[in-house]
Structures are given as structure tokens and as C-alpha cells.
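Some notes on the structure that comes next.
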Amino acid sequence: MTVPPRPARSAARRTARERGRSPRRRWGLRISAIASVLLMTASGVGHAMVTGVEEGIGRVHPFQGMPERERPTGGDGLNFLVVGTDGRDKITSAEKRKYHLGGAPCHCTDTLMLVHLSAGRDRASVVSLPRDSYAEVPAHKDEATGRQRPRHAVKLNAAYAEGGPGLTVRTVEHMTGVHIDHYLEVDFASFMRSVDAVGGVEICTVRPLKDRYTGLDLPAGKATLGGGQALQYVRSRHIDGSADLGRMQRQQRFLASLIHKVTSSGVLMNPVRFREVADALLTSVRADSDFTADDLVDLGQAMRGFTPASSEFLSVPLAPEGVQLPGGGTTVRWDPVAAKQVFQALRDDKPLAAPKKPASGPRPTVVDVPPDQIRVRVDNGTGRHGLARSVSKALGAAGFLPSGIPGDAPDGPHPKTLISYDPRWDRSAQTLAAALPGAELRKVAGQGPVLRVTTGQDYAGVHPVRAEEPAPGTPGIATVTGDEAACP
């Protein structure tokens with residue numbers, strides 16, 4: 001039986017429900033019943049079978065006291081604000097030592113994602129909001145001091161510390177113009193427990209990842225991360241110069257792999273496994289009091305039909321320069337044009353990623369350094385007239401930056417294609433080698449940043465490549481789909 005998508009709730013119905021509800025703090029009640037009912041939901045059983053199961057979810061009240069007239073109008077589909085907090089009070093001392101989770105929590109948001117589930121329940125769009133974004137929080141009562149505070153500028157993640165979920169929702173709605181239907185919150189311990197419940201998540205990386213602050217130490221290749229390692233992976237921001245941008249990209253890649261794991265591993269259709277996952281998830285997530293059985297049906301139905309390509313991810317586009325906060329502190333600023341396009345697409349229930357053309361060639365190899373950061377000079381090491389110019393053009397079409405005028409190699413014919421490079425640019429050389437399979441690599445100290453290609457008799461064309469992570473400051477709207485973000 002297929003459950004049709006549920007129409008969007010009216011504002012009047014939503015606010016009436018909020019006024020009639022008292023706060024609930026039931027964590028993990030009736031887990032076995034919930035797991036069984038959710039399993040039926042994912043199998044296509046009707047709404048009547050899941051009435052009341054939402055009482056097992058921990059509750060917060062982020063929409064309480066928010067007049068609908070002051071909020072953005074709702075559109076088609078459902079919008080979730082997913083917040084990861086740095087709460088660590090439920091983590092053991094041993095886990096804190098092992099996963100570098102010492103220190104006092106900041107009572108702020110560590111991760112913010114705006115998730116749009118399409119009206120047809122066939123697409124999930126995930127937009128990461130940098131925690132260091134420049135934000136202006138509306139006037140509110142400070143939760144720590146109890147005093148009224150006027151509208152003022154802060155980093156986005158500070159809204160939670162000053163006013164909890166309610167101020168966070170108000171701030172994000174004001175910044176994006178997107179009406180938030182539901183609020184979901186997960187802390188460190190909840191995240192770890194959820195990942196362990198699904199049996200870990202597979203992650204791929206083209207280079208080793210190390211962060212001494214989180215203790216992350218992953219070799220290149222594939223690795224299955226348990227809860228603790230997964231937390232290190234999504235929290236690491238000191239791996240390279242990409243800082244928070246790289247961290248958000250890794251979070252997106254992790255989420256894509258998690259969706260793939262849940263939808264492809266039979267978890268949704270295995271009663272025993274599903275009970276374990278439901279037990280972890282439903283006792284881990286805090287949600288708004290309006291998150292109902294109907295919404296559980298929507299999510300279960302959507303996930304049943306999901307493939308990796310059903311999800312799309314991007315980080316909100318940023319302007320080249322940040323903003324200094326009054327009193328100190330630097331923030332990042334959203335690109336006023338590109339960011340507006342992203343949030344308009346969510347309001348209009350449209351995909352963020354451009355429609356894909358049918359694949360007509362080999363799948364691009366994922367590389368570390370983006371090709372548009374690599375300058376390449378090409379020389380012809382064969383007797384084929386014009387080969388250097390055509391190879392240079394092909395490399396340019398693949399995203400590399402041709403440098404200099406293509407010419408002939410001075411040292412006679414070459415049986416094999418040769419890439420010579422300065423050892424300081426060895427990561428760039430690996431990217432170029434992926435585009436020229438079988439090419440010989442030769443280190444030339446002092447050559448500088450320009451890589452040199454000498455075509456050989458074995459040259460057979462340029463293989464497509466794409467960066468694992470866009471370079472910091474990449475302009476425009478860089479959207480990737482789940483099949484691009486997850487392991488091949």
C-alpha cells in the first residue's frame with residue numbers, strides 16, 4: 001500500500017495544536033512498540049497504525065510564543081532545522097579521553113543543517129549553515145541571565161546559547177526566509193549511539209586525514225567508522241586550510257553515506273535490526289512537540305524509495321570577505337545573491353542541483369586537489385603533429401589550467417607519458433596522474449608550481465576527475481548529490 005504525501009498543515013492548525021499541548025519529557029518510552037510500528041510504516045502501512053507513537057520522542061518547544069504573522073509563509077514540502085549541540089554530559093570519562101572530548105561544553109550549536117523534504121517525498125535537500133555565520137538575533141530574553149536583550153549581531157551558533165532552540169529557529173527563519181516546520185536536535189552522545197546502532201558508516205578519503213584536536217587519524221581509502229570515530233570525523237576542522245568549510249563537506253559526505261547505509265542494508269525491513277536502530281534514534285533525538293505520527297509516516301515512506309541520488313547537499317554560498325563583530329570576533333558572510341537563490345529554491349520546492357545529463361563516459365575519479373588549482377604545461381614527446389596542443393586542450397576541458405605554449409619535447413620520442421613535478425606539489429601531481437592513467441611520475445626539485453606533461457606513445461586520452469572537496473572560497477552554488485558524496 002502506498003501512502004500519498006500529506007498536504008502541508010495550515011498555520012492555524014499548527015498553532016492551535018501548540019497551544020493545546022503541555023511539555024513532554026518522555027525519553028525512550030514504548031521503544032519496542034514504536035520500533036514495530038515504524039517498521040510497518042516503512043513497509044507502507046497507513047497512518048492509523050502509528051497514531052500516538054510520537055510520545056516516545058524527547059520534546060522541546062522552539063515554536064512556542066512565535067506568532068505566525070511574524071514568520072515566513074510555508075510552502076510545499078517539509079523543512080527541518082537539524083541542530084547538533086556540543087552536549088557531552090552523557091559521555092563517559094573513557095570516551096572523552098579516547099575521542100578528545102574534554103573541556104567544558106559551550107552550550108551552543110556545533111552543527112546546523114536546513115533539510116527540505118520535497119512535497120513528492122522523493123528528494124531531500126540538505127543545506128549546511130556555517131556556525132560562524134554573521135547573524136542578527138532578534139530581541140529576546142537571555143536564557144543565561146534572564147535579562148531582555150535588544151537585537152544584536154552574533155555568530156549563528158551563539159543564538160542557541162542566548163535563547164535556546166526558539167531563538168535559533170527565529171534567527172534562521174529571519175536569515176533564510178524559509179518557514180521551518182520541525183526542529184530536531186542531537187548531541188554528541190546521541191550521535192555516537194545512532195551510528196553504532198546501524199553498524200557503523202563507510203567513509204572514503206583520497207588522502208590521510210589527521211586532526212590532533214579531535215584525534216582523528218584515518219588512512220587513505222575506505223574505512224567503516226563506529227560512533228566515536230564518526231564523531232571525530234564530522235567534528236574535525238584542523239585537517240587543512242579549509243577549516244569549517246571542509247568540516248561541513250565531510251559532514252555532508254557522512255550523511256550521504258549514512259542514508260545509503262540505512263536504505264540499502266535492509267535495516268528498514270529487518271524487525272530485529274530496525275528495533276535496535278529505532279531504540280537508538282528515538283531515545284537520541286529531541287524534536288518539537290508538533291512532530292507527529294504523520295511525519296514519521298512521511299519520513300518512513302520517503303526513505304523506502306530513497307537512493308543515494310535522492311539526496312543533495314551544499315554549504316550555503318559565502319561572500320569573499322567576512323564581517324567583524326562589535327567587540328571582536330570574525331564571522332563569515334553569506335553571498336547575498338547565491339544564498340538567496342538557494343533559499344528561494346527551497347521555498348519553491350525545487351532541486352538545488354542542476355539536472356544531470358545521462359552518463360556518456362567513464363565515471364570521474366575522485367581526487368584530492370581540484371584540477372582548477374593545477375597549472376600544466378604540455379610537450380609533445382611523439383612524432384604526432386599537434387598532439388601537445390590537443391592534449392593541453394583536453395586537460396583544460398577536464399578542469400586543469402593550461403600554462404605556456406605547447407611545444408615539442410627536446411629529448412626525442414618517449415614511449416610513456418611523463419609527468420614531472422616539484423615534490424612540494426606532490427598532491428597536485430597525484431590529481432594529474434589520475435587524469436593520465438599509466439603516466440610515469442618524476443620528481444624535479446625546484447621546478448615550481450607548474451606541472452609538466454611530456455606525451456608518450458602510450459597516450460590514450462584524458463580521464464575525467466573531480467575534487468573530493470571543493471576548494472575553500474569556490475564561487476557559486478556547489479551542489480553534490482548523495483551518489484557523488486558517498487563511497488563509490
Side-chain angles (χ1 to χ4, degrees), residues 84 88 91-92 94-101 110-111 113 126 128 186 188-267 273 276-277 280-281 284 306-309 311 313 315 363-370 426-427 430-431 433-434 465-470 480-488:
R88 50 192 92 184
I91 296 176
T92 67
E95 288 174 328
K96 287 181 179 180
R97 288 192 299 271
K98 183 175 182 179
Y99 301 119
H100 294 224
L101 294 170
D110 195 63
T111 299
M113 291 182 176
V126 181
S128 295
V186 181
F188 286 174
S190 303
F191 177 86
M192 293 167 64
R193 187 161 57 244
S194 299
V195 173
D196 285 336
V198 300
V201 174
E202 187 179 66
I203 288 297
C204 299
T205 175
V206 297
R207 61 189 171 96
L209 301 178
K210 291 188 178 184
D211 186 338
R212 65 185 179 89
Y213 291 91
T214 65
L216 179 70
D217 187 1
L218 284 181
K222 290 185 179 181
T224 298
L225 308 185
Q229 271 192 306
L231 183 61
Q232 291 174 312
Y233 179 82
V234 299
R235 292 186 63 229
S236 290
R237 59 192 301 267
H238 299 280
I239 291 174
D240 51 32
S242 63
D244 252 2
L245 177 63
R247 187 180 78 124
M248 288 188 298
Q249 290 160 349
R250 284 185 287 276
Q251 289 172 350
Q252 292 167 358
R253 192 154 54 245
F254 181 87
L255 185 55
S257 296
L258 176 61
I259 291 172
H260 179 62
K261 176 66 176 287
V262 171
T263 57
S264 66
S265 64
V267 167
R273 292 288 297 117
E276 295 171 356
V277 173
L281 295 180
S284 299
F306 262 32
T307 66
S311 55
F313 304 83
S315 301
R363 179 172 178 169
T365 297
V366 178
V367 294
D368 181 8
V369 180
D426 59 336
R427 290 169 55 203
Q430 294 300 323
T431 292
V465 297
R466 68 171 180 84
E468 183 174 56
E469 298 175 2
V480 296
T481 53
D483 53 336
E484 295 171 328
C487 289

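In this chain, residues are counted from 1 in sequence order.
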task: In sequence, state the C-alpha distance, the side-chain angles, and the governing distance for V367 and R466, and then conclude on side chain to side chain contact (heavy atoms under 4.5 Å, CB included).
output: CA-CA 6 Å; V367 294; R466 68 171 180 84; 5.9 Å; no

query: Yes or no on side chain to side chain contact (heavy atoms under 4.5 Å, CB included) for S257 and I203, after CA distance, side-chain angles and deciding distance?
result: CA-CA 7 Å; S257 296; I203 288 297; 4.0 Å; yes

- request: Step by step, work out the side chain to side chain contact (heavy atoms under 4.5 Å, CB included) result for V198 and L258.
  value: CA-CA 9 Å; V198 300; L258 176 61; 3.9 Å; yes

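R253 is listed as a side-chain neighbour of Y233, based on a closest heavy-atom distance under 4.5 Å. Looking only at side-chain heavy atoms (C-beta outward), L216 and K210 stay at 4.5 Å or farther from each other. Using a 4.5 Å cut-off on side-chain heavy atoms (C-beta onward), Q229 and L218 make contact.
The two residues T365 and A434 make their nearest non-hydrogen contact at CG2-CB, 4.2 Å. Of all heavy-atom pairs between A230 and V195, the closest is CB-CG1, 4.0 Å.
Remark: side-chain polar atoms of D196 are paired, donor with acceptor, to backbone N or O of G227 under 3.5 angstrom. Here the side chain of T431 pairs a donor or acceptor atom with the backbone of V369 at under 3.5 angstrom. No donor-acceptor pair under 3.5 Å is formed between the side chain of S315 and the backbone N or O of S128. R427 places no side-chain N or O within donor-acceptor distance of the main-chain N or O of D368, the cut-off being under 3.5 Å.
With hydrogens and angles left out, the side-chain atoms of Q251 and T111 include a donor and acceptor closer than 3.5 Å.
One finds the CD atom of Q232 at 8.5 Å from the CE atom of M192 (value rounded to the nearest 0.5 Å).
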